[in-house]
Amino acid sequence: MNDTTLTPSQVIDTLNGLIELSRDGQKGFQEAAEKIDAHDMKTFCLEQSRVRAHFVGELQTLVHVLGDEPDNTGTVTGALRRGWMELKAALGGGDHAILEVVESSEDHAVREYQKALAKTLPADVREIIQRQSYSVKQAHDTIHVMRDRVSI
């Protein structure tokens, strides 16, 4: 962990990045759920979409507590955009192809949460980000198992 204390502005920037990441995940899981055939996978994706929406709300509250308005313009990296855009292209490839793209996007989300946790964050912010990070990792691992179960 970095020992340099972040300014409130840097903490807000970190939170805004995670807000956009969570929004993108929310939309991506929703889109996947609309196209996946297997009922259990569809249900899981819908639940993850709701979880990510909850994450957005939690992170926005933290930004408000820090005295700012959450960024609504978007700070999503190009790689994440490409990841969920690939989902659109894969939608014709069946459940396996959809889950491959979802897993790839979740790989990115796991990395972004790890980057955020490598920073010196206020304790209340760190606690929420750690909990969300754990949930994202769990979702990633579940998607991985589901993908492996589905024949190509």
Side-chain angles (χ1 to χ4, degrees), residues 1-33 36 40-90 96-150:
M1 184 163 48
N2 182 346
D3 288 337
T4 305
T5 303
L6 297 178
T7 66
S9 176
Q10 290 170 315
V11 174
I12 290 167
D13 287 346
T14 298
L15 291 170
N16 278 327
L18 294 176
I19 288 168
E20 292 305 315
L21 180 77
S22 295
R23 271 195 192 121
D24 209 45
Q26 176 188 2
K27 292 174 189 170
F29 275 115
Q30 177 66 40
E31 195 170 327
I36 284 181
D40 62 329
M41 295 175 195
K42 182 182 293 287
T43 300
F44 178 79
C45 287
L46 286 171
E47 177 60 26
Q48 287 307 304
S49 179
R50 285 189 292 273
V51 166
R52 300 306 163 88
H54 179 73
F55 287 1
V56 169
E58 284 184 312
L59 297 166
Q60 286 175 330
T61 298
L62 289 172
V63 172
H64 284 293
V65 168
L66 290 167
D68 205 350
E69 289 296 317
D71 184 9
N72 290 318
T73 60
T75 58
V76 180
T77 65
L80 184 60
R81 286 182 196 262
R82 284 190 302 275
W84 284 115
M85 292 231 192
E86 288 174 37
L87 175 58
K88 292 177 183 170
H96 189 271
I98 294 167
L99 292 172
E100 278 183 334
V101 176
V102 172
E103 182 182 9
S104 175
S105 295
E106 286 298 276
D107 286 340
H108 178 75
V110 167
R111 286 190 303 273
E112 290 302 308
Y113 269 92
Q114 288 171 344
K115 285 181 194 176
L117 288 169
K119 299 175 182 180
T120 304
L121 298 165
D124 58 333
V125 173
R126 173 170 293 287
E127 182 181 326
I128 290 171
I129 293 175
Q130 280 178 319
R131 182 178 35 76
Q132 289 184 1
S133 177
Y134 179 77
S135 178
V136 168
K137 178 70 169 110
Q138 293 289 97
H140 170 273
D141 294 349
T142 299
I143 291 292
H144 179 81
V145 169
M146 286 179 176
R147 180 191 51 96
D148 285 351
R149 277 196 342 226
V150 177

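This one's a predicted model, so the numbers in the text were calculated from it and none came from an experiment.
By the side chain to side chain contact (heavy atoms under 4.5 Å, CB included) test, Ser135 pairs with Val51, Phe55, sequence neighbours left out. In this view, His144 and Glu103, Arg147, Asp148 satisfy the side chain to side chain contact (heavy atoms under 4.5 Å, CB included) rule, not counting sequence neighbours. Residues passing the side chain to side chain contact (heavy atoms under 4.5 Å, CB included) test with Leu66, sequence neighbours excluded: Val11, Ile12, Leu15.
In this structure, Leu121 and Ala116 approach most closely via the heavy-atom pair CD1-O, 3.3 Å. Closest approach of Ala32 and Ile98 over heavy atoms only: CB-CG2, 3.8 Å. Minimum heavy-atom separation, Pro70 to Ile19: CB-CD1, 4.0 Å.
Rounding to the nearest 0.5 angstrom, the gap separating the CD1 atom in Ile128 from the OG1 atom in Thr61 is 8.0 Å. Rounding to the nearest 0.5 angstrom, the gap separating the CD1 atom in Ile143 from the SG atom in Cys45 is 4.5 Å. Once rounded to the nearest 0.5 Å, the distance linking OG of Ser22 with CD of Glu58 reads 9.0 Å. Atom CD1 of Ile129 and atom CG of Leu18 lie 5.0 Å apart (nearest 0.5 Å). Rounding to the nearest 0.5 angstrom, the gap separating the OH atom in Tyr113 from the OH atom in Tyr134 is 15.0 Å. Residue Arg50 holds its CZ atom at 12.0 Å from CZ of Phe29, rounded to the nearest 0.5 Å.
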Would you sort out whether Val150 and Met146 count as a side-chain contact (heavy atoms from CB on, under 4.5 Å), showing the intermediate values?
CA-CA 7 Å; Val150 177; Met146 286 179 176; 5.5 Å; no
Full working for side-chain contact (heavy atoms from CB on, under 4.5 Å) between Arg126 and Leu117:
CA-CA 7 Å; Arg126 173 170 293 287; Leu117 288 169; 3.5 Å; yes
Should Arg52 and Val136 be marked as a side-chain contact (heavy atoms from CB on, under 4.5 Å) after you check the CA-CA gap, both sets of side-chain angles, and the distance that decides it?
CA-CA 9 Å; Arg52 300 306 163 88; Val136 168; 3.8 Å; yes
Under the side-chain contact (heavy atoms from CB on, under 4.5 Å) rule, what do Ile36 and Leu99 come out as? Steps first, then yes or no, please.
CA-CA 9 Å; Ile36 284 181; Leu99 292 172; 3.8 Å; yes
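Remark: Arg149 engages Asp40 in a salt bridge, criterion side-chain N to carboxylate O under 4.0 Å. Classification of Asp107 and Arg111 as a salt-bridged pair fails, no side-chain N sitting under 4.0 Å from a carboxylate O.
For the pair Gln48/Thr142, no side-chain contact is recorded, criterion being any heavy-atom separation below 4.5 Å from C-beta on.
In this structure, Gln130 places its CD atom where more than 12 heavy-atom neighbours from other residues, nucleotides or ligands lie under 6.0 Å away.
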